[in-house]
Amino acid sequence: MEQLFSAINNVFRFVTPVSDFFWAFPTNFDWYASIPVLGNFSLAIILLVGSGIYFTFRLGFLQVTHFGKGIKLLVQKKQKTTTGISSLAAFFLSSAMRVGPGNILGVTGAISVGGPGALFWMWISAFFGMTTAYVEAVLAQIFKAKKGDEFVGGLPFYGKRLLGNKLWAGIALSVMFIIYAMCCLPAQGFNVVSSIGEMTEIVTGTTLDGSIIYYAIAVIVVLITAYIAFGGIKKVTRVTDKVVPVMAVIYVLTVLVLIILNIDRIPYFFRAVFTGAFSVEAVFGGVFGTVLAQGVKRGLMSNEAGQGTITMAAGAADCKHPCEQGFVQSIGVFLDTMIICTLTGFVVVMAHLWTGAEAQAWFALDSLPKFLASAAELTPGTAMNTVIMFLITFCFCLFAFTCLVGMISFSEIAANRISTRRGFINAIRILGIAITSFGILCSLAGLELGNLWAISDLGNILIVFANIPLLYLGAKYVLKATKHYRANDGTAFTGKVIGTECEYWDNAESK
């Protein structure tokens with residue numbers, strides 16, 4: 001079995017350098033890199049941050065002016081929906097993908113490579129990314145379609161309409177997302193089972209590796225995943241409705257305890273972050289590009305603003321107006337990066353294990369052990385340390401599991417752009433479960449397929465290159481829809497508002 005895993009890992013050995021090339025392009029060319037300051041900015045960063053800035057100004061800093069509206073939509077009394085899911089359920093479903101292992105692994109990795117200053121650039125990219133998330137969510141709502149008692153929408157659906165309503169465009173975007181999601185699933189399956197094993201070891205002091213119990217846990221995880229996936233989007237949202245708030249609250253409270261216990265280190269945290277982001281050596285030296293790239297790259301992996309992958313959840317919601325789900329999805333970026341990722345950054349930076357005598361040993365660890373070691377450094381006493389380690393690992397397990405079911409659910413929505421036949425949709429579900437099982441087998445065998453998992457980085461950037469141009473094509477519709485929402489003149493939203501046909505909204509008004 002080890003030979004099989006090794007062979008698969010070697011097949012994808014090319015992925016990491018290809019991914020790094022696209023993320024760094026054109027800074028990997030000397031003529032561009034030699035340009036002062038500008039030479040630090042890759043095309044990916046220009047597209048993501050630049051687009052966020054552009055949309056922010058075009059929409060009048062909507063992420064600030066309508067932040068309260070987004071909160072009101074989330075906390076309002078949940079209304080029963082006959083078609084689709086509620087805005088809150090869509091928020092939790094998208095958060096299941098956003099608040100994933102990347103909130104720990106990505107932030108820890110970014111700080112490891114780019115230093116504390118990378119966290120500042122995460123904040124910047126997230127602030128402007130809130131508007132990008134708004135734009136793509138509104139497009140998902142405008143061009144969503146009704147399928148039975150569900151709504152399906154998102155990148156493949158608005159992409160098809162914006163590219164001349166060409167069938168090939170929707171299919172190509174659907175296939176791209178499905179491939180991306182499937183390549184991410186092994187890591188999530190691995191993370192779920194390995195974190196369960198880690199929790200057991202924390203509690204009992206013994207390892208499950210090679211035991212029949214470990215295999216039994218793996219089978220149970222697969223069966224639960226299959227049960228949820230075959231229940232469709234509404235069953236997935238019933239799970240995320242319950243799990244996402246629990247994991248977010250536990251993680252926030254756990255890290256807040258660590259921060260309070262080490263309150264004297266808070267000034268160091270802010271000093272390290274802002275010094276790392278704005279020091280003269282960083283801006284005019286070779287360090288700035290690394291700090292900026294890590295902040296934006298890992299910020300994207302976490303909040304996914306501009307990537308188009310969260311748009312499937314936005315399109316599944318039942319709203320009175322397309323803009324409402326845009327406000328909600330904007331709040332999702334805030335929760336993910338400004339709160340969850342920042343808390344992770346507090347732990348890693350305040351522990352500052354990358355300096356001093358322990359730095360070499362700390363850098364040799366993988367991202368999760370790095371974070372756990374940082375948390376242990378901030379925890380006084382053995383008993384308290386055990387509780388903290390267990391709670392963090394428990395949250396990591398839930399992060400991975402909700403991301404896992406979210407990936408499969410979003411793949412199902414994307415697959416509807418190709419075919420709505422039950423057999424085809426079930427095939428996508430089965431494929432997702434099978435690939436998840438492969439990741440779980442890797443965990444049971446104690447193997448990590450780093451080259452295979454690196455394809456998620458490649459998938460991230462390729463989908464960005466596909467999605468961002470579509471947002472510019474659809475910006476005129478979003479601007480008109482936003483103007484209509486702000487007017488609040490009592491008229492219903494239809495295709496006439498934005499000057500194009502909107503199948504669902506036009507049919508809803510005619511009834």
Side-chain angles (χ1 to χ4, degrees), residues 45-76 87-88 90-92 94-95 98-99 103 118-142 248 252 270 273-274 277-278 292 295-296 299-300 302-308 310-311 313-314 317 319-343 345-346 467-468 471-472 474-489 493 498:
I45 291 173
I46 292 172
L47 278 176
L48 288 166
V49 180
S51 297
I53 293 172
Y54 171 77
F55 291 131
T56 293
F57 278 92
R58 287 299 305 273
L59 291 164
F61 284 80
L62 185 140
Q63 70 269 55
V64 177
T65 60
H66 285 68
F67 185 86
K69 180 62 180 179
I71 297 294
K72 287 180 181 179
L73 288 169
L74 286 175
V75 300
Q76 69 183 8
S87 290
L88 181 62
F91 173 81
F92 285 140
S94 63
S95 297
R98 282 197 175 103
V99 185
N103 289 78
L119 190 60
F120 173 82
W121 295 110
M122 277 191 185
W123 295 338
I124 296 298
S125 64
F127 175 77
F128 292 112
M130 289 173 70
T131 313
T132 310
Y134 170 84
V135 172
E136 59 188 9
V138 173
L139 284 175
Q141 272 289 314
I142 288 174
V252 168
F270 287 105
V273 170
F274 287 102
F278 291 109
L292 183 63
V296 176
L300 168 69
S302 178
N303 63 53
E304 304 192 36
Q307 191 173 321
I310 300 296
T311 56
C319 301
K320 295 179 180 178
H321 194 284
C323 292
E324 291 185 345
Q325 198 59 32
F327 302 136
V328 169
Q329 295 305 317
S330 180
I331 297 295
V333 175
F334 181 87
L335 167 70
D336 176 89
T337 304
M338 300 299 193
I339 298 179
I340 305 294
C341 287
T342 298
L343 289 174
F346 262 105
N467 185 56
I468 292 294
L471 300 188
Y472 283 97
K476 59 183 179 182
Y477 301 128
V478 176
L479 290 169
K480 289 178 181 179
T482 305
K483 182 179 180 180
H484 177 262
Y485 183 86
R486 283 171 167 162
N488 193 25
D489 57 8
F493 177 85
I498 59 174

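Side-chain atoms are counted along with the backbone in the values below, which use heavy atoms only and exclude waters and symmetry mates. For reference, positions follow the sequence shown, starting with 1. None of these values were measured; they are calculated from a predicted model.
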Enter the distance from [X]:[atom1] to [Y]:[atom2] here, rounded to the nearest 0.5 Å.
X	Y	atom1	atom2	value
Ile331	Asp336	CD1	CG	13.0 Å
Leu59	Met130	CG	CE	12.5 Å
Ile53	Leu48	CD1	CG	11.0 Å

Once side chain to side chain contact (heavy atoms under 4.5 Å, CB included) is applied, do any residues pair with [X], and if so which ones, sequence neighbours excluded?
X	value
Phe270	Ile266, Phe274, Phe346
Ala137	Ala314, Gln329
Ile46	Tyr32, Phe41
Leu73	Lys69, Gln76, Glu324, Phe327, Val328

Quiz item: Can you check whether Thr311 reaches Leu139 side chain to side chain, under 4.5 Å on heavy atoms?
Solution: no

Practice problem: Could you tell me whether the side chain of Leu471 reaches within less than 4.5 Å of the side chain of Phe55, counting heavy atoms only? | Solution: yes

Residues forming a side chain to side chain donor-acceptor pair (under 3.5 Å) with [X], sequence neighbours excluded:
X	value
Glu136	Asn467
Thr56	Gln63, Thr131
Ser51	Tyr472
Arg58	Tyr54

Using atom types as modelled and distance alone, determine if a side-chain donor or acceptor of [X] lies under 3.5 Å from a backbone N or O of [Y].
X	Y	answer
Gln325	Ala313	no
Ser330	Gly326	no
Thr337	Phe334	no

Practice problem: List the atom of Pro322, the atom of Ile142, and the distance in Å for their closest heavy-atom pair. | Solution: CB-CG1, 3.9 Å

Tell me which donor-acceptor pairs under 3.5 Å the side chains of residues 476-483 have, and how far apart each pair is, sequence neighbours excluded?
residue : atom : partner : partner atom : Å
Thr482  : OG1  : Tyr134  : OH           : 2.7
Thr482  : OG1  : Val478  : O            : 2.7

Self-check item: Listed partners of His321 passing ring pair (Phe, Tyr, Trp, His ring centres under 6.0 Å), at least two apart
Solution: His484, Tyr485, Phe493

Quiz item: Phe127: what forms a ring pair (Phe, Tyr, Trp, His ring centres under 6.0 Å) with it, not counting sequence neighbours?
Solution: none

Exercise. Decide if atom CZ of Phe61 counts as having more than 12 heavy atoms of other residues, nucleotides or ligands within a radius under 6.0 Å.
Key: yes

